[in-house]
Colleague: 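After the structure tokens below, expect a handful of questions from me.
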Number of protein chains: 4
Amino acid sequence: MSSLFKTIALIGKHDNPEIMTPLLHLGQFIENRNLDVVLDSRTAPHIQDKKYTILSLDDIGKRADLAIVLGGDGTMLNIARTLAPFDVPLVGINQGRLGFLTDLSIDTMLETLGSILDGQYVTERRMLLSVEVIRNEIGLFSALAFNDVAVSRGIGGGMIEFEVHIDGEYVYSLRSDGLIVATPTGSTAYALSSGGPILHPSLDLITLVPVSPHTLSNRPIVIGSNTTVEVLMHKSEEGARIHSDSHSHFDLDEGDKVVIRRSPQTVRLLHSSNHSYYRMLREKLGWSGFS
Amino acid sequence: MSSLFKTIALIGKHDNPEIMTPLLHLGQFIENRNLDVVLDSRTAPHIQDKKYTILSLDDIGKRADLAIVLGGDGTMLNIARTLAPFDVPLVGINQGRLGFLTDLSIDTMLETLGSILDGQYVTERRMLLSVEVIRNEIGLFSALAFNDVAVSRGIGGGMIEFEVHIDGEYVYSLRSDGLIVATPTGSTAYALSSGGPILHPSLDLITLVPVSPHTLSNRPIVIGSNTTVEVLMHKSEEGARIHSDSHSHFDLDEGDKVVIRRSPQTVRLLHSSNHSYYRMLREKLGWSGFS
Amino acid sequence: MSSLFKTIALIGKHDNPEIMTPLLHLGQFIENRNLDVVLDSRTAPHIQDKKYTILSLDDIGKRADLAIVLGGDGTMLNIARTLAPFDVPLVGINQGRLGFLTDLSIDTMLETLGSILDGQYVTERRMLLSVEVIRNEIGLFSALAFNDVAVSRGIGGGMIEFEVHIDGEYVYSLRSDGLIVATPTGSTAYALSSGGPILHPSLDLITLVPVSPHTLSNRPIVIGSNTTVEVLMHKSEEGARIHSDSHSHFDLDEGDKVVIRRSPQTVRLLHSSNHSYYRMLREKLGWSGFS
Amino acid sequence: MSSLFKTIALIGKHDNPEIMTPLLHLGQFIENRNLDVVLDSRTAPHIQDKKYTILSLDDIGKRADLAIVLGGDGTMLNIARTLAPFDVPLVGINQGRLGFLTDLSIDTMLETLGSILDGQYVTERRMLLSVEVIRNEIGLFSALAFNDVAVSRGIGGGMIEFEVHIDGEYVYSLRSDGLIVATPTGSTAYALSSGGPILHPSLDLITLVPVSPHTLSNRPIVIGSNTTVEVLMHKSEEGARIHSDSHSHFDLDEGDKVVIRRSPQTVRLLHSSNHSYYRMLREKLGWSGFS
């Protein structure tokens with residue numbers, strides 16, 4: 001059977017020499033199937049065997065039919081965001097501890113990957129958020145978020161104050177440590193720690209989760225993905241910040257408007273056919289039954 | 001302008017004489033517009049003026065173009081469930097305290113109703129749940145729920161034990177006081193008190209909210225409405241019960257399967273054109289801004 | 001070295017034949033130290049070897065210098081409450097899964113017990129609550145609680161309504177599923193599932209934890225142990241109940257007053273010298289560090 | 001009747017000209033009772049009438065028998081901390097919105113103050129925390145906290161990692177937004193927003209409240225006040241900070257030890273005889289009964 005995937009990119013966790021051996025195993029395994037292996041340029045320095053074509057992530061996006069990411073959820077988050085414009089399907093392999101996004105185990109990766117290359121997989125589309133910060137009607141910062149956009153207090157010890165508007169309608173004013181605007185993917189990350197609900201990843205939804213809200217009755221809200229969330233910053237004594245996937249950030253001033261929408265781009269994840277989201281939840285969250 | 005609504009039903013809170021005067025005002029107001037007034041048979045005894053046709057709720061369902069419900073959210077919940085098969089649009093008038101479902105104030109009801117009869121309204125469709133209890137493959141109990149289906153401990157003091165399956169897949173086993181399976185409408189009721197998220201009512205979603213779960217990491221989950229939730233009851237020392245809208249209930253035994261799905265029926269609510277869901281949330285939940 | 005404990009009672013989990021073998025090992029171990037073994041009369045039927053004196057729990061209370069309880073926390077809770085008037089020190093051995101109150105492992109019980117009999121132990125005093133239900137100024141029900149007193153809704157689906165007074169002062173009115181009044185021992189049981197804090201067991205404190213409160217800003221309160229908590233029941237559609245340690249219960253009527261105070265009795269627990277409350281918390285609650 | 005209080009200090013909210021008129025009323029009222037008025041040196045610039053002795057807070061501490069603070073809880077917090085070494089009793093007057101610490105209303109302040117000067121008051125002692133940051137065995141920062149000491153993430157978006165030890169014993173490792181160590185006074189402030197319990201202010205207790213903990217089963221813990229809490233900082237990508245009363249702060253490095261203990265100093269608050277802590281809770285938290 002000929003695979004749908006001809007060119008397969010290998011991407012490893014940044015600055016992590018331990019990935020070399022499993023990456024070489026993956027490369028050999030793919031070569032044995034007469035498929036082309038290309039290597040992420042930031043991963044390549046860890047691989048001494050120089051036989052593979054080295055590409056930037058952008059070129060991987062343009063040329064690869066499948067990208068295999070070896071690392072933790074943090075690595076997967078960053079790669080997925082970067083490759084989103086190219087719609088390359090992604091497979092995530094964890095280095096030992098199951099991840100929400102890296103569901104293949106390194107111990108069984110060759111077998112599982114073989115099945116996937118044979119066409120035995122399920123595809124999952126995940127939504128992304130785009131965020132823009134507008135000051136005096138000028139966009140100063142923009143980013144994609146796979147997990148969440150978080151408006152947080154800066155280095156000061158005090159709460160921040162802001163207003164939330166949805167689709168142009170005033171929703172509430174809040175004084176809090178912050179506000180997390182999360183995708184279903186992000187609903188099991190920071191938002192969950194702050195009391196947000198778990199959103200099934202097949203749904204296109206946005207959840208707004210307050211962090212340590214002064215108004216005790218302010219609770220997480222779930223809205224549709226075809227909405228525009230605006231957070232209007234009020235005066236904060238010692239600054240406020242926006243974080244996208246706890247990764248890129250931008251300092252906010254009084255009057256800044258943070259505009260969050262669903263991105264037209266999506267992430268395509270491939271899982272083995274017997275992948276189970278709920279089993280993963282049970283394992284990750286330690287739901288141990290009646291014990 | 002001729003109204004779309006020719007026959008208008010008046011329905012009041014059960015056993016509540018205070019509704020008589022406002023109902024008479026409503027009746028007169030509708031008559032003055034040359035529309036037909038019909039009266040719910042359980043509301044009629046409170047109205048001394050016997051000029052209106054008295055109908056059962058079923059006949060109201062068949063004949064009325066609009067049903068006006070005067071009372072609290074509890075009344076609205078019951079009427080909406082009963083009239084759901086007939087798809088009659090509903091308007092809710094509260095007797096003093098704003099309700100989530102009864103958003104017209106008694107003080108301004110004539111004016112608002114006038115606008116609605118003139119065609120100035122927005123229509124909102126709300127989903128319902130159907131629940132069935134299956135014992136030894138036989139359905140023993142079934143009900144509709146507008147807010148929620150709750151599996152709860154019975155009269156004993158101990159937790160109940162059950163398994164949750166979604167679309168045939170095992171999700172978790174839990175020991176807890178109960179489990180609430182709520183619609184977006186119900187998300188601001190019992191589920192909210194138990195830590196569930198607020199689901200925007202325009203969405204067709206189901207949330208599963210554990211009540212006092214023994215597993216501290218068990219958190220509310222939001223899933224799509226095209227799913228089947230099954231709760232399989234384990235042995236409970238002193239009994240378990242299912243409640244539909246805190247209204248009808250059924251005692252559960254070990255091995256019983258509670259099957260919850262979206263109902264094909266919906267509830268159609270009419271609101272005045274300037275109705276705002278978020279303003280209602282702010283008022284009902286006491287979101288007082290920065291104070 | 002002669003032991004402080006001359007007569008040692010063995011008490012096993014009710015109706016559990018698996019305790020026979022470990023109990024016989026315990027008995028032999030104690031005999032070998034030339035100490036007297038007495039056997040709880042409800043445990044005795046599981047022990048075929050009839051050489052030990054069989055006593056009721058009351059007589060154990062009067063005669064034993066130490067009671068060894070083999071079972072889970074539920075067994076320990078019941079025995080501790082019953083023996084509290086006699087101030088007999090207790091040692092708890094779990095049958096496999098670590099308990100909050102049964103901290104000795106069955107695998108190492110002989111060694112640990114040997115150390116305890118040699119005087120290498122720490123003593124911990126735990127407070128108890130007494131509860132009384134007063135109707136028309138007459139006390140109708142009273143009980144001791146080691147974990148908690150819970151006022152809960154009865155078999156109906158609706159919330160219950162009640163007022164809380166502390167030391168005669170009105171504190172709040174609440175509509176909820178219930179209210180848990182817990183000791184530090186109970187703070188890691190039902191109260192924790194309902195969002196209550198963990199109270200260090202060395203403290204004499206009472207915590208009031210609402211269960212699914214309608215008022216979202218109603219939060220757990222911690223008060224001193226020299227207080228009187230009164231819960232005054234309002235009308236409930238389908239009944240309310242009081243539970244003491246999820247064990248004994250009593251049906252409540254409108255107007256009933258539930259009076260909860262610290263009991264003058266205490267429970268004396270013995271632990272091995274290297275017992276750590278925080279290590280137990282970590283294990284029981286699955287605090288897994290940074291993983 | 002001669003007052004116990006001879007010299008009374010007036011202290012107003014910083015940089016708030018609105019306090020001038022009520023302060024002058026207070027000054028006149030006290031003068032009319034033949035008591036001495038002294039004025040805080042930072043408050044004095046707002047008062048045009050220069051007849052009162054102007055003193056630094058330290059001198060107020062040494063000379064005043066009573067300090068009247070006009071402002072919000074933030075002002076009271078700062079003044080109380082500064083005057084704590086001098087054990088001057090404090091009365092708090094709020095400028096309009098009831099405070100947890102400023103319980104006298106400006107509308108009735110003269111009447112209430114008159115009663116207090118006549119000896120009709122209750123005294124409340126509140127505990128304080130002292131915090132010290134130790135790096136390489138050298139103390140680099142120390143502060144008093146009336147509400148709380150909070151270890152928080154710095155300007156980066158990631159969680160911080162730390163270990164908690166109590167009285168030298170390891171309690172847990174946590175990845176979170178932060179950790180709040182609060183007094184009973186602080187239990188209704190930041191700690192409450194983060195899910196902590198309300199601790200009755202008559203108790204000498206410390207509560208540890210995690211902020212958005214990665215470990216979902218990590219819950220608030222309440223311990224005695226005669227304990228030493230140590231927070232050992234692990235590596236954080238973008239820094240961590242300690243805040244004392246959201247007021248003073250210090251940047252933390254990997255390996256820093258934050259040591260928190262009860263301060264030997266206390267704050268003495270005077271309330272009118274009919275002051276009720278629970279009534280204040282109801283008002284501040286919006287506990288509206290059955291509505």
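Reminder, nothing fancy here: chain letters follow the sequence lines and each chain counts from 1. Quick caveat: nothing in here was measured; it's all calculated off a predicted structure.
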Colleague: Please flag which part of Ser187(C) lies under 4.5 Å from any non-hydrogen atom of chain D: side chain, backbone, both or neither.
Modeller: neither

Colleague: Please classify the contact of Leu208(C) with chain D as side chain, backbone, both or neither, using a heavy-atom distance under 4.5 Å.
Modeller: neither

Colleague: Which distance, rounded to the nearest 0.5 Å, do you find between the OH of Tyr170(D) and the OH of Tyr278(C)?
Modeller: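 Answer rounded to 0.5 Å: 13.5 Å.
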
Colleague: Distance check, rounded to the nearest 0.5 Å: Ile223(C) atom CD1 versus Leu199(D) atom CG?
Modeller: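 Here the rounded value is 11.5 Å.
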
Colleague: Look up atom OH in Tyr172(D) and atom CG in Leu285(C), then write down how far apart they are to the nearest 0.5 Å.
Modeller: 11.5 Å

Colleague: Which bit of Leu192(C) is near chain D, if near means a heavy-atom gap under 4.5 Å: side chain, backbone, both or neither?
Modeller: both

Colleague: So what's closer than 4.5 Å to chain D heavy atoms on Arg282(C): side chain, backbone, both or neither?
Modeller: side chain

Colleague: Under 6.0 Å from the CG atom of Asn274(C), do we count more than 12 heavy atoms belonging to anything else shown?
Modeller: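 Above 12, so yes.
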
Colleague: Look at Arg219(C), Glu169(C), Glu163(C) and state which one has the largest set of heavy-atom pairs under 4.5 Å with chain D.
Modeller: Glu169(C)

Colleague: Heavy-atom count around Arg261(D) CZ within 6.0 Å, excluding the residue itself: above 12?
Modeller: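 Counting other residues, nucleotides and ligands, CZ of Arg261(D) stays at 12 neighbours or fewer.
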
Colleague: Please state whether the side chain, the backbone, both or neither of Leu203(C) comes within less than 4.5 Å of a heavy atom of chain D.
Modeller: side chain

Colleague: To the nearest 0.5 Å, tell me how far Ile166(C) CD1 sits from His200(D) NE2.
Modeller: 7.0 Å

Colleague: Is it true that atom CD of Glu111(D) has more than 12 heavy atoms of other residues, nucleotides or ligands lying nearer than 6.0 Å?
Modeller: no

Colleague: Quick one: closest heavy-atom pair of Trp287(D) and Thr215(C), and the distance?
Modeller: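 Scanning both residues completely, I find the closest heavy atoms to be CD1-CG2, 3.8 Å.
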
Colleague: Heavy-atom distance under 4.5 Å between the side chains of Thr207(C) and Val222(D), does that happen here?
Modeller: no

Colleague: Using every non-hydrogen atom in the two residues, find where Gly286(C) and Ser217(D) come nearest and quote the distance to one decimal.
Modeller: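 Here Gly286(C) and Ser217(D) meet closest at O-OG, 4.1 Å.
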
